[in-house]
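Throughout, a chain's letter reflects where its sequence line sits, starting with A, and its residues are numbered from 1.
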Protein chains: 4
Amino acid sequence: MEGYPIGQHKHITPPKAANREQRSEESRARILKAATSIFAEKGPEGARVDEIADQAGINKRMLYHYFGNKENLYLEVLRYNYNKIYTLSKNAINLADEPKVNVARAIRAYFYFLADNEAYVRLTSWEALCVGRFTGKLFPQFFDLIELEFDDLIKDGIERGCIRPDIDIRQAILSVRALCLAYFTQRKIVQSLWREDIFSEEMLEACLQHILNLIFDGLFI
Amino acid sequence: MEGYPIGQHKHITPPKAANREQRSEESRARILKAATSIFAEKGPEGARVDEIADQAGINKRMLYHYFGNKENLYLEVLRYNYNKIYTLSKNAINLADEPKVNVARAIRAYFYFLADNEAYVRLTSWEALCVGRFTGKLFPQFFDLIELEFDDLIKDGIERGCIRPDIDIRQAILSVRALCLAYFTQRKIVQSLWREDIFSEEMLEACLQHILNLIFDGLFI
Amino acid sequence: MEGYPIGQHKHITPPKAANREQRSEESRARILKAATSIFAEKGPEGARVDEIADQAGINKRMLYHYFGNKENLYLEVLRYNYNKIYTLSKNAINLADEPKVNVARAIRAYFYFLADNEAYVRLTSWEALCVGRFTGKLFPQFFDLIELEFDDLIKDGIERGCIRPDIDIRQAILSVRALCLAYFTQRKIVQSLWREDIFSEEMLEACLQHILNLIFDGLFI
Amino acid sequence: MEGYPIGQHKHITPPKAANREQRSEESRARILKAATSIFAEKGPEGARVDEIADQAGINKRMLYHYFGNKENLYLEVLRYNYNKIYTLSKNAINLADEPKVNVARAIRAYFYFLADNEAYVRLTSWEALCVGRFTGKLFPQFFDLIELEFDDLIKDGIERGCIRPDIDIRQAILSVRALCLAYFTQRKIVQSLWREDIFSEEMLEACLQHILNLIFDGLFI
DNA sequence: AATGAATGAGCTTTCATTCAT
DNA sequence: AATGAATGAAAGCTCATTCAT
């Protein structure tokens, strides 16, 4: 629609084909983006194919051309969004650092990722609820990866004597995950209870500190 | 519901009206029960009125007679199920005991309530996601009530010097809630990761202990 | 519900039966009244049996007991309301008077009857439209009666030389009927066009005069 | 609808888009036609969407695609049919002619329009009855237009001394309308009373003459 | 005579998906 | 590659009517 950058449309040998491919890629991306926002907002059952097509600005038929059907599109949306967090967790850990530093950094990274990615937060929530009805088979795989990632870290912490040796790693991960997600899954409810703006820098940081304190020291003295 | 005044329940002539009313009440209850299970399972959008009527063993028309429409039925289901936890929380606290004991008892009660009431767990999850689309105005009220309940308890704990004075009560409640719920909202996913049966007595108790440890001491030494 | 008037329940030999009959008659009447107003307002298709029962303050089941079904109730309503006008037309004509006086009196009686009986006006309108779908076989009978009534009057007028001899009686009746009905069938539309209150005494009289002028002299000079 | 600019309609390559648009327009028209006949026959409440779709030979879904919902379709039907008469009334009056000629011509045009457009006759009747329940807001607008149209004509007649000066224009219009409509709204009833075929040329002309006589001279001598 | 509970058929409307170009 | 028109199955809801007391 915006046309080609001037002087570029002759560069690649079979221009039309390349162009087609490019536009095709663009369409796919637009669909995926629209689908992400709508599936996140309304869930796999509430989302309407028409609405997605509309928001993507493409013909509904193309959506079927690229993604087959609604369920498959939903799956693709999940895959697309889950990949984001995977790359994230990879960079958070550096075994050269102290365990506490690593854990704090990983939690911080995760927490702010969630703050920035409402769609991700909601998609995982929908999936947790729709397990068995609408896929729900994708997330466990990612959980496994994360467990793998943290496994070494926590074992290292236990060896170095700074993490309780009786910790169940899976439970620990689940707990951290739950603590971080809570603010964002309950976003609107929480917002209505708090007086302040939850998404202010200070508030987010305060929440994160609360979580870190809890992880490191518990609520009781 | 109010029953007969004591001493009268053996009178021979069964009042016809009462019988009618009783059957009506029974039907309402059957609908509510079926609706609870199906709304919990499939959410407000995924649930089908036909299915609810079928499962309740009544004619769909009666459902509309008693509850007006689907959304209102959903609301009634929420009300009905939320009331359960409200009465629960009322009985958990006894300010004569030590704060730690109170907190442990309240968390335990809450945790096992969740373990026993999958429907409740799922209903709150749906509501968190559907806020603004399908009601979502009911839960905050209950949250308020719980906050009120715990407020005194935690303040008492702070005064007695066994709870960190810098604790934000609302965050603390949110965290405890999140930690307990996590096992059950992620039920199926978790189940697929754990080898053992999550709902075995030992496993449940282990999970609860993990949460209590975390609350009392954190993960780190 | 209000009980029997004190001291009266022993007067008539089989008291209960008489009373029953009386209450039964009362119920029938209440149903008929409610049905009239609702059928008039919403037509045979728009009317709801529930609404009629509600407005009559009786159990829906009784309505079926007394009238069999909706269509039959509708028919009974028509019969009941058509009878009113029949008795009316009987008293309007007196062959001793001059034809012009008779006609004026008959039209006046008819016009004011319509003004007072919105239900009648609307019921005939519905029936005209629903002919073949919901009865519509009742009105023609009444039309016949009226024709009979007027026949003599107009023939008399023709003989006496004050009515055009080439008049088609049936057309004349139809025209008068149409002219009178127009104000009331178009009631709401007309009301929205006129500034004044259509149902004020003066306005009604003015309309009637217009019709009489038209009948006696036409619009043109 | 606007057709191709003259001289272009023989171009060979049939533009695909145009073809599509054409088919779409055709479907819309088919729906409108079927809806007209069924709404006219059974009224806004009695008409069934399924029946309309069937008669139009299209899938019910398209009906909703084009017209949104039943009520809106009904409105569109009214608009479509009311337009016919509007264009009619525009051409009937020519102030160069004598008032009597103009009035006779207008009435004649109107009368035969009604004879040819049973749907129009019935639609206005339904609307008069359903005012406030199903729209009923469209007709008054057209009445206003017609009033405007005739206003000059009748004022002219009064000035020239051939129309009674005390005539209320609105009443006159209402009366003429009522007289003409009567034959057709009461069509089936009338038919059952008359021996002859009402829609024979002679009969129609006789009815029209009766109306004109009434307007010009009244029934009485 | 009177009633509340119950029903099945049918209504309007919605949705994911496919056809034809 | 892209599109508007079309579809059938199913959803939520309503209604006249009957059952059981």
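Going from atom CZ of Arg28(C) over to atom P of dA2(E) covers 13 Å, rounded to whole Å. The CZ-P distance, from Phe67(B) to dA5(E), rounds to 13 Å in whole Å. In this structure, the CG atom of Asn69(D) is 13 Å from the C1' atom of dT14(E), given to the nearest Å. Rounded to whole angstrom, the span from the NZ atom of Lys70(B) across to the C1' atom of dA10(F) amounts to 12 Å. Distance, Glu71(D) CD to dC11(E) C1': 16 Å, rounded to whole Å.
For the pair Lys42(A) and Glu45(B), the salt-bridge criterion is not met [side-chain N within less than 4.0 Å of a carboxylate O].
Side-chain nitrogen and oxygen atoms of Ser27(B) include at least one within less than 4.0 Å of the OP1 or OP2 phosphate oxygen of dA6(E). Taking only side-chain nitrogens and oxygens, His65(B) never comes nearer than 4.0 Å to OP1 or OP2 of dA6(E). Contact annotation: Ser24(B) does not reach the phosphate of dG4(E) (side-chain N/O to OP1 or OP2, under 4.0 Å).
Using a 4.5 Å cut-off on side-chain heavy atoms (C-beta onward), Trp126(B) and Glu41(B) make no contact. Using a 4.5 Å heavy-atom threshold, the side chains of Leu78(D) and Thr124(D) count as separate. Arg28(D) places a side-chain heavy atom less than 4.5 Å from the side chain of Glu76(D). Residues Arg79(B) and Tyr74(B) form no side-chain contact, since every pair of their non-hydrogen atoms from C-beta on lies 4.5 Å or further apart.
Looking only at distances, no side-chain donor or acceptor of Lys60(A) sits under 3.5 Å from a matching main-chain atom of Asp54(A). Between the side chain of Asn81(C) and the backbone N or O of Val77(C), at least one donor-acceptor pair lies under 3.5 Å.
Nearer to the 5' terminus of DNA chain E, by closest-nucleotide assignment, is the contact made by Glu45(D) (compared with the other of Gly46(A) and Glu45(D)). A residue-by-residue look at Gly68(B) and Gly68(C) shows that Gly68(B) has its nearest nucleotide of DNA chain F further toward the 5' end.
Less than 4.0 Å separates DNA chain F from at least one heavy atom of each of the following residues of residues 49-64 of chain C: Val49(C), Lys60(C), Arg61(C), Tyr64(C).
With the 3.5 Å cutoff on both pairing distances, Watson-Crick and G-U pairs in DNA chain E assemble into runs of at least 3 at E:2-21 with F:2-21.
Between the side chains of Ser24(D) and Tyr66(D), a donor-acceptor pair is found at a separation under 3.5 Å.
Among the atoms of the strands shown, only primed sugar atoms or phosphate atoms (P, OP1, OP2) are found under 4.0 Å from some heavy atom of Tyr66(D).
Here the SG atom belonging to Cys130(C) is positioned 8.5 Å from the CG atom belonging to Leu129(D), to the nearest 0.5 angstrom.
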